[in-house]
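Below is one structure, written out as structure tokens, with a few remarks after it.
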Amino acid sequence: MSDSKHRHKSVLKKTDEELLTDDLTHQLALHTRQGHNKFLSESIIPLMLCFACPFFVRSIVFICDHCHGSIHEFLQRLLFDHTLTLKDVLENFFFFKWHWPSAIIIIGFLIYAIIMTMLLPGDEYQGPITDTGHIPIYRNNGFCYYIVSLIIFTILTVVLKLNNLSPTYIYDQWDAFLSTVSTFAFLLCFCVMIKGKYMPSTNDHRSSSNWLTDFYRGVELYPRIFNIDVKLITNCRYGMLSWALLSVIFCMKTFELYGYTDSALITCILTLVYLTKFFWWESGYMKTIDIIVDRAGFYLCWGCLVWVSGIYTLPSYFLVTHPKQLGFQLTILILTLGLLSIYINYDCDRQKIQVRSTHGKCLIWGKPAKIIRAKYRLLNGKESESILLASGYWVLSRHFHYIPELALAFLWTCPCGFQYILPYFYVIILFILLMHRAHRDDQRCRLKYGDSWIKYCDLTPWKVWPKLY
Ligand code: NDP
């Protein structure tokens, strides 16, 4: 008892310097993940994920292509009929393929993305200040890039069709294409890690003696090569655009095979609207967890290059072999609910960006924004302040925007029907990812903002689902 009293007193008597050290320890904890089981979290899990993720993506394509989209059939063939052996599985799924035509498309696309990002006009804007005091600068040309790319893609499609060719070549070579992207993304992540270790672009880097963890989590927060932001290219200009184009390509393939199919069209339209919204709001995306917290490593960059292409496009890919006619009423219902989900998700993100850009002087749902001014310390010891919005969607729950995101994922998948679980992998994985992300973000903000975050949590007790979680 007396001991705890003594400790309490000593906390009260802490000098400014000690308080600063405490804050820095907090901040450093964010960087070093202190307290975790290091061997498991820094070596075993990264190693397993680096092997398992490419395996997972390729096995899904295999199940779609060779087992009619049925996991049951895949397991039956592997375990009971033995028409598929373990040797086949290992050869098919672990092999790093390099298919030259695919590699040319991928590298050509990447070069296109870099050149257009450099050339297209746009006002400069700032990303959030980092813990070391660095302020990243970007050019706001994402939406222009997206529209120009869609126009070029349309012209290219017409030219190819006139010559009896089609961009659906990518669908026909999908397995080889995806394996090549994966191999390429591995190489890229390795190069970005080496660059981060020996030539970091800013002070926001964390290098360790464990190359596995550095490869998996990444070293740098804001790597730049020739002043081009690597994460902007991998996440937005390649990852998100490839998602849009692949959805169109898979829809075209469905139309080439069966003529007009409403299910493929719904999935394609909702994906395109969602990605149009994404590029419209790209400068907002550059202030989210992917950018301000996650470093450029396998988790983020391989994920945006391969996982997005392979898993996020799964409903459109699946519909090529399992087309459905839904009818007019269902089509309108799914489209309306999907568009509503996109709007709510956008509006949540907009409220957060608006309250910060107006320093809290704005209306949220017709009333003055309710805000908490949350102070925190940068790693260099300087004090900084952020605004936490505690009204609008942001008082319903601390990550309310994840609900319309999940609803949308379900809505563009449900045209696949409910006979197979496979196309729902995106929804399931997104659910796990977002719940974990909400938890991760909560821990981060608690460490960053301390009492101010607790005050916000008192006003908004739910992490994601009001009254549930
Ligand atoms: P947020 O945009 O919610 O970013 C979280 C950060 O916002 C926090 O770390 C904190 O950062 C700040 N913040 C937290 N609470 C408040 C508040 N009350 N007021 C103001 N700022 C606050 O998270 P995400 O990056 O996860 O999501 C961004 C968008 O991307 C969402 O629309 C989401 O649905 C979507 N998304 C899509 C995914 C997909 O795969 N389809 C995956 C993940 C996200 P700070 O340090 O600045 O205070």
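What's counted below: heavy atoms across the whole structure, side chains too, no hydrogens, waters or symmetry copies. As the structure lists them, so they are numbered: ligands from 1, and atoms in each ligand from 1. The shown structure was predicted, so the numbers you read here are calculated from the model rather than taken from an experiment.
Environment of CD in Gln419: sparse, with no more than 12 heavy atoms of neighbouring residues, nucleotides or ligands closer than 6.0 Å.
Taking the six-membered ring where tryptophan is involved, the planes of Phe56 and Phe425 are essentially parallel, since the angle between them stays under 30° and well short of 60°. Below 30°, between 30° and 60°, or above 60°: for His439 and His436 the angle between ring planes is between 30° and 60°, a tilted geometry.
Side-chain atoms of Asn141 come within 3.5 Å of backbone atoms of Leu120 as a donor-acceptor pair (strictly under, hydrogens ignored). With hydrogens and angles ignored, the 3.5 Å screen pairs no side-chain donor or acceptor of Ser386 with any backbone N or O of Ala374. Remark: side-chain polar atoms of Ser207 are not paired, donor with acceptor, to backbone N or O of Lys197 under 3.5 angstrom.
In this structure, the protein non-hydrogen atom closest to atom 48 (O) of ligand 1 is Tyr449 OH, 2.4 Å. Atom 17 (C) of ligand 1 has its closest protein heavy atom at Leu389 N, 3.6 Å. Closest to atom 47 (O) of ligand 1, if we only count protein heavy atoms, is Arg356 NH1, 2.7 Å. For atom 2 (O) of ligand 1, the closest non-hydrogen atom on the protein side is Lys352 NZ, 3.0 Å.
Between Tyr456 and ligand 1, at least one pair of N/O atoms sits closer than 3.5 Å. Where the criterion is an N or O separation shorter than 3.5 Å, residue side chain and backbone included, Trp394 fails it with respect to ligand 1. Looking at ligand 1, you'll find an N or O of Lys448 within less than 3.5 Å of one of its N or O atoms. An N or O contact shorter than 3.5 Å links Glu405 to ligand 1 by distance. Taking any N or O of Trp453, backbone or side chain, none lies under 3.5 Å from an N or O belonging to ligand 1. For ligand 1, one of its N or O atoms has an N or O atom of Arg437 under 3.5 Å away. Annotation: His401 places an N or O atom under 3.5 Å from an N or O atom of ligand 1; distance criterion only. Looking at Ile289 next to ligand 1, an N or O pair under 3.5 Å apart turns up. Taking any N or O of Leu434, backbone or side chain, none lies under 3.5 Å from an N or O belonging to ligand 1.
Under a 4.0 angstrom heavy-atom cut-off, Leu433 registers as being in contact with ligand 1. Within the structure, the closest approach of Tyr312 to ligand 1 falls below 4.0 Å when heavy atoms are considered. Within the structure, the closest approach of Pro128 to ligand 1 does not fall below 4.0 Å when heavy atoms are considered. Note on ligand 1: Trp281 sits in its first shell, one or more heavy atoms being nearer than 4.0 Å. The shell of residues lying under 4.0 angstrom from ligand 1, judged by heavy atoms, includes Ile387.
With sequence neighbours left out, Tyr171 forms a ring pair (Phe, Tyr, Trp, His ring centres under 6.0 Å) with Phe250, Tyr317.
For the pair Arg295 and Phe215, the cation does not sit on the ring face, since its NZ or CZ is not both under 6.0 Å from the ring centre and inside 45° of the axis.
Aromatic ring centres of Tyr402 and Phe431 lie farther apart than the 6.0 Å criterion allows.
The shortest distance between side-chain heavy atoms of Leu396 and Trp462 does not fall below 4.5 Å. Taking 4.5 Å as the limit, some side-chain heavy atom of Ile344 sits within range of a side-chain heavy atom of Phe400.
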